[in-house]
Amino acid sequence: MDVPFINFEPMHSEIRDKIIEAFKRVYDRNWFILGQSVDDFEKDFSKYCNTEYCISCGCGLDALCLILRGYDIGVGDEVIVPSNTYIATALAVSSVGAKVVLVEPNIKTFNIDVNKIEEAITKRTKAIIAVHLYGRPIDAYKVRILCEKYNLKFIEDAAQAHGAMHKGEKIGSIGDAAGFSFYPGKNLGALGDGGAILTNDIILAQKVRALRNYGSDIKYHNEYRGVNSRLDEIQAEFLIVKLRYLYKWNNDRQRIARLYIERINNSKLILPDINLVKDSVWHIFPVRTEYRNELQQYLKEKGIGTLIHYPIPIHLQNAYKELGYKLGDFPISEEISRTVLSLPMWYGMSEEEINYVIDVLNQW
Ligand SMILES: *Cc1c(COP(=O)(O)O)cnc(C)c1O
């Protein structure tokens, strides 16, 4: 049997007719940038996440860049980001000219170790970008308390956590602002690139709304040196359709995660804690093992697709050579990148497919 790492088929066959109707609506309206569909999606998404404002943009990286620019963070400033994350989190900070300050994760949760943030704060620190990595919320209240104590902006990188909840609040509504990505493989994905900023801060909302569109609120009146980073009408209309299914699709990921955790029983594997099932929206299902490369090869031979999130930590990437780090500087991130493997996780995996993955892992 073949079980791919990701498979959009069950999701996309379920909504095929509605997506085609959505395409026709936009096509027949003959209006493709910043129109009714973008307005409607922004309303729907802010309502879903329980924030006052949603400003859509071109991608998740842009969402984070626009938030930083909106808060006037740039050259001479420092921003704390987790050392274990997708590189986009750090690239956003670099793109505005600020310094990336890396903080190690907790090896059990993979998320930033909140207890290590305080020692990384200096008088130049302006913000913390906290990533809800793999769909699992960070301990947001502890981060909020730190941000209040040191007067820092609390920015959520929610690119992997659409719809996740933390202590009764939606991810994306807890920080000062949040950046989302609608890359096709995310829990809520467009059929192309897309992103959004959520916030309750009206000043920030007005500024990023202008920044994403050449720095202009009124056509040909440019308040800022902005960028062109807009969500297409067509993608917005697709996202309106898909948002209605997000709860169901996330529930299905939790079903799969529960089966994996309950039934995978192999002493060579470290699995996520069963108590996490309902906290995370399982953008990724990570396991860890000393024999990661052998396991990946074995699964491949059995027809099971896996990926590594992420094989090279940020401090060892060529792109960040200038930070001057070497192997051993962030041992927990290095340990994760050496041992982590992501199992197949997608809406609509059948019982047979799930059981096959479980059986193959238990026989290893
Ligand atoms: C995907 C992702 C991003 C960037 O989103 P894009 O839409 O690809 O630009 C940022 N942060 C994290 C954690 C991500 O997973």
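Residues take their numbers from the sequence shown, with the count starting at 1. In listed order, ligands and their atoms are each counted from 1.
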Are side-chain N/O atoms of [X] and [Y] paired as donor and acceptor at under 3.5 Å?
X	Y	result
S94	Y320	yes
S216	H221	no
N265	R263	no

Does the distance from a Lys or Arg side-chain N to an Asp or Glu carboxylate O, for [X] and [Y], drop under 4.0 Å?
X	Y	value
E14	K242	no
K18	E21	no
K207	E223	no

Got the closest protein heavy atom to [atom], with its distance?
atom	value
atom 9 (O) of ligand 1	L61 N, 2.8 Å
atom 11 (N) of ligand 1	D157 OD2, 2.8 Å
atom 1 (C) of ligand 1	K186 NZ, 1.5 Å

Could you say whether the N/O atoms of L133 and ligand 1 ever approach to under 3.5 Å?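 No; every N/O pair is 3.5 Å or more apart.
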
Is there a polar contact, in the sense of an N or O pair closer than 3.5 Å, between D193 and ligand 1? no

If every non-hydrogen atom of L64 is compared with every non-hydrogen atom of E156, which pair is closest and at what distance? CD2-O, 4.2 Å

Using a heavy-atom cut-off of under 4.0 Å, does the side chain or the backbone of C59 touch ligand 1, or both, or neither? both

Ligand 1 versus V131: contacting region, heavy-atom distance under 4.0 Å: side chain

Regarding atom 7 (O) of ligand 1: of the candidates S181, G135, A63, which has the closest heavy atom?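 Ranked by closest heavy atom to atom 7 (O) of ligand 1, first place is S181.
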
Would H283 count as a contact of ligand 1 if the rule is a heavy atom under 4.0 Å away?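 No.
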
Within 4.0 Å of some non-hydrogen atom of A88, the atoms of ligand 1 are 3 (C), 4 (C), 10 (C)

